[in-house]
Number of protein chains: 2
Amino acid sequence: MRDVAALAGVSVKTVSRVVNEESGVKADVRARVLAAATRLDYRHNLAASNLRRSRARTGVVGVLVQDLGNSFSASLVRALEDAWRDRGLMVLAASLDEAAEREQQIVENLITRRVDGLVIVPASPRHDYLAPEIRAGLPVVFADRLPRGIDTDSVTTDNRRGAFLAINHLVHVGHRRIAVLTDAPSIATAEERISGVQDALAAHGREGTLDLLHTGIRSEADAEAAVRALMAEPSPPTAIFAARNVLAQGSVRALAEMGLRHSVALVGFDDFPLAQLLDPPLTVVRQDVARLARLVGTRLLERLDGDTSAPIHEIIKPTLIARGSGEIPPS
Amino acid sequence: MRDVAALAGVSVKTVSRVVNEESGVKADVRARVLAAATRLDYRHNLAASNLRRSRARTGVVGVLVQDLGNSFSASLVRALEDAWRDRGLMVLAASLDEAAEREQQIVENLITRRVDGLVIVPASPRHDYLAPEIRAGLPVVFADRLPRGIDTDSVTTDNRRGAFLAINHLVHVGHRRIAVLTDAPSIATAEERISGVQDALAAHGREGTLDLLHTGIRSEADAEAAVRALMAEPSPPTAIFAARNVLAQGSVRALAEMGLRHSVALVGFDDFPLAQLLDPPLTVVRQDVARLARLVGTRLLERLDGDTSAPIHEIIKPTLIARGSGEIPPS
DNA sequence: TTGAAAGCGGTACCAG
DNA sequence: CTGGTACCGCTTTCAA
């Protein structure tokens, strides 16, 4: 900047004015400065500029999701990007893969980078570690899963109701032996979904009959193996509820390989782009990711704009989309 | 930092030493500093620290893809993240949606943030604008599409060969009326794929018979509409080559709605997670995204580590995965 | 092992 | 409309 100033024959302050498009610089001076900047390949340094600036903004929001490669995470990030583009906010993204330590570590790293805000699909069971940051005014919005140990904005799905819808649907179709595939119950979302399953069974006078619950199923491969094992048992289930999209995909894979696609009912949680094109089309409990992302994006912007009201917890109602796989009757 | 120093009764320099885990600080002093830092909720400021540091590194790499919501882009970003995690590099991601201006604009913005490097799946036709940055030593790796107007590292797929494989396959199955769906030829990748189609037709003595080429098909919806229109014509094609993954998905959707899934052959370009589970399973030309990402990630790391040799252009060979949809014979 | 002072690239504040 | 000077938060350099 000093070089540019020298070449243009002005002070650094004037260069600063031009670079920041402040008013009050004569056109010819402006032109000279711009010319000098171009000639010297000058590049403004945002970090340095923010250092002295009073209300500094990096224009970066940290977004922590489970797996950027998963359609749920990817859609979320994409929608946030769109929601923030015209505000000039960029997304610094990271996958957590359900690793609690990674979450804390990355958050710490992001704080060090002075991100303007944080969107978190948490992997850790408690989030007390964020308390100082939130107290200091950092906007933090939890997505898809609720914060624990602190109170901050969140946008989540009614997981309990979603699972209820799924099981209720299968029971109505006539199923009695329903296998449930889900993550470890230590993950809040999984726990809520299990509760929903129990609600549905209770509603049909079948409390405590959840003998086919398989927890700790974390990946597509896990689900595939679990379904294979299940179907090989003496009295296999006639229906499966896979409580996360990759688990549904693994289930479809296993059923396809075993030639059971059209004889075992399957309902997934989370819709995904091609669910409708599978054979049979997959019945799912859909949570509206676009809506979720929109709400999250808006909430963060409002906090960024100075809204300091009490934390808001928004809950999205899931809906059941019957497409075929969930309507297969028990054999 | 000054406050921490005061509270701990040491100089700022000593605090700096502790924060950066430099050796040569007595344990008790270290402990005092740490305690003071905790009590004051001190957070190290990476930007400020980099300002004076000699070989400053922000630890951020800008990754520009077409659409983070698309499985190709998402997988690429995810794999890069993994490749860089233990080096402490984070990904600042952005979607371009084939908008050339956005590409330049975002790159400019990222330069301002002093990213350590750039990975670009370009949207713009020429990249001269990057010349000064590359000259200044910024590592830039192009992925999936070649740079034009400048010379810098790239990792791309042999698109021409991929398209050749697809058409060749369909011709061998017996097809003569093959529709080709692709992006505008102004996109280099699309152009190469069209060349590949022509190669294949020529190889079968059918030069110039490319009467069913449909360019400018940009989205899943475009593809769906195009296929609907095609199949409604007096003498519809007996096979379709959809030269990008979303176009294949749109085609499947259209064929499914028209009840033609099992009577019209379809080959896609780019594999995606559920292609195998569609009905019929989708035959595709696969480009190994994981491999692509690995090569891109490695190349960038090497440049970051000071490799200043001439730009390297790696080309990945695509393979045809026959799964069913591409083996449907002409009716 | 520790500290003082200069300086990184830029902006704030106030004077001219 | 333009410039001078202090200073942002931290590291470098060199002296103690």
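For clarity, every value in this text was computed on a predicted model and none was experimentally measured. Proteins get letters first, then strands, A, B, ... in listed order; numbering begins at 1 in each.
- Of the listed nucleotides (C/dG7, C/dT2, C/dG10), C/dG7 has the atom at the smallest distance from the side chain of B/Arg52.
- Between C/dG3 and B/Ser11, a contact under 4.0 Å exists linking OP1 or OP2 to a side-chain N or O.
- When the P atom of D/dT11 is taken as reference, atom CD of B/Glu21 falls 12 Å away, rounded to whole Å.
- The CG atom of B/Asn45 sits 19 Å away from the P atom of D/dC7 (whole-angstrom rounding).
- Straight-line distance from the NE2 atom of B/His44 to the P atom of D/dC8: 17 Å, rounded to whole Å.
- Contact check on A/Asp128 versus A/Arg126 returns a salt bridge, with a Lys/Arg side-chain nitrogen under 4.0 Å from an Asp/Glu carboxylate oxygen.
- Distance from the side chain of A/Tyr42 is smallest to C/dG10 among D/dG9, C/dG10, D/dT11.
- A/Arg87 has a carboxylate O that lies under 4.0 Å from a charged side-chain N of A/Asp305, or vice versa, which qualifies the two as a salt bridge.
- The residue A/Val10 sits close only to the backbone: its heavy atoms come under 4.0 Å of sugar-phosphate atoms, none of a base.
- A donor N or O paired with an acceptor N or O is found under 3.5 Å between the base of D/dG3 and the side-chain atoms of A/Arg17.
- Residue-level contact check: B/Lys26 touches the backbone only, with heavy atoms under 4.0 Å from sugar-phosphate atoms and none from bases.
- Of the possible polar contacts, one joining the A/Glu81 side chain to the B/Ser95 backbone as a donor-acceptor pair under 3.5 Å is found.
- Of the possible donor and acceptor atoms, none in the side chain of B/Arg30 sits under 3.5 Å from a partner among the backbone N and O of B/Val25.
- Across all strands, A/Arg43 comes closer than 4.0 Å only to sugar-phosphate atoms, never to a base (heavy-atom distances).
- Of all nucleotides listed (D/dG3, C/dG3, D/dC10), C/dG3 comes nearest to the side chain of B/Lys13.
- Nearest-nucleotide mapping onto DNA chain D: of A/Gly24 and A/Val12, the residue sitting toward the 5' end is A/Gly24.
- Heavy-atom nearest nucleotides on DNA chain C were determined for A/Asn20 and for B/Thr14, and the one closer to the 5' end corresponds to B/Thr14.
- Whole-Å rounding puts the B/Glu22 CD to D/dT12 P distance at 7 Å.
- Considering only side-chain atoms of B/Met1, the nucleotide from D/dG3, C/dT11, D/dT11 that sits closest is D/dT11.
- Backbone-only engagement by B/Val29 is indicated by non-hydrogen atom pairs under 4.0 Å involving sugar-phosphate atoms exclusively.
- Spacing between atom CG of A/Leu51 and atom P of C/dC8 amounts to 14 Å, rounded to whole angstrom units.
- Within the 4.0 angstrom heavy-atom criterion, only backbone atoms of the sugar-phosphate kind lie near B/Val25; the bases stay farther away.
- Each of A/Asp151, A/Thr152, A/Asp153 was evaluated against A/His313; a single residue qualifies, A/Asp151, per the side chain to side chain donor-acceptor pair (under 3.5 Å) test.
- The side-chain heavy atoms of B/Leu118 and B/Leu130, taken from C-beta on, include a pair separated by under 4.5 Å.
- With D/dC8, D/dT11, D/dG3 as the choices, the nucleotide that has an atom nearest any side-chain atom of B/Arg53 turns out to be D/dT11.
- Rounded to an integer number of Å, the gap from CG of A/Leu46 to C1' of C/dG9 is 12 Å.
- Atom-to-atom, CG of A/Asn50 to C1' of C/dG9 comes out at 12 Å; the value is rounded to the nearest Å.
- Phosphate proximity of D/dC10 to B/Ser16: absent, as no side-chain N or O sits under 4.0 Å from OP1 or OP2.
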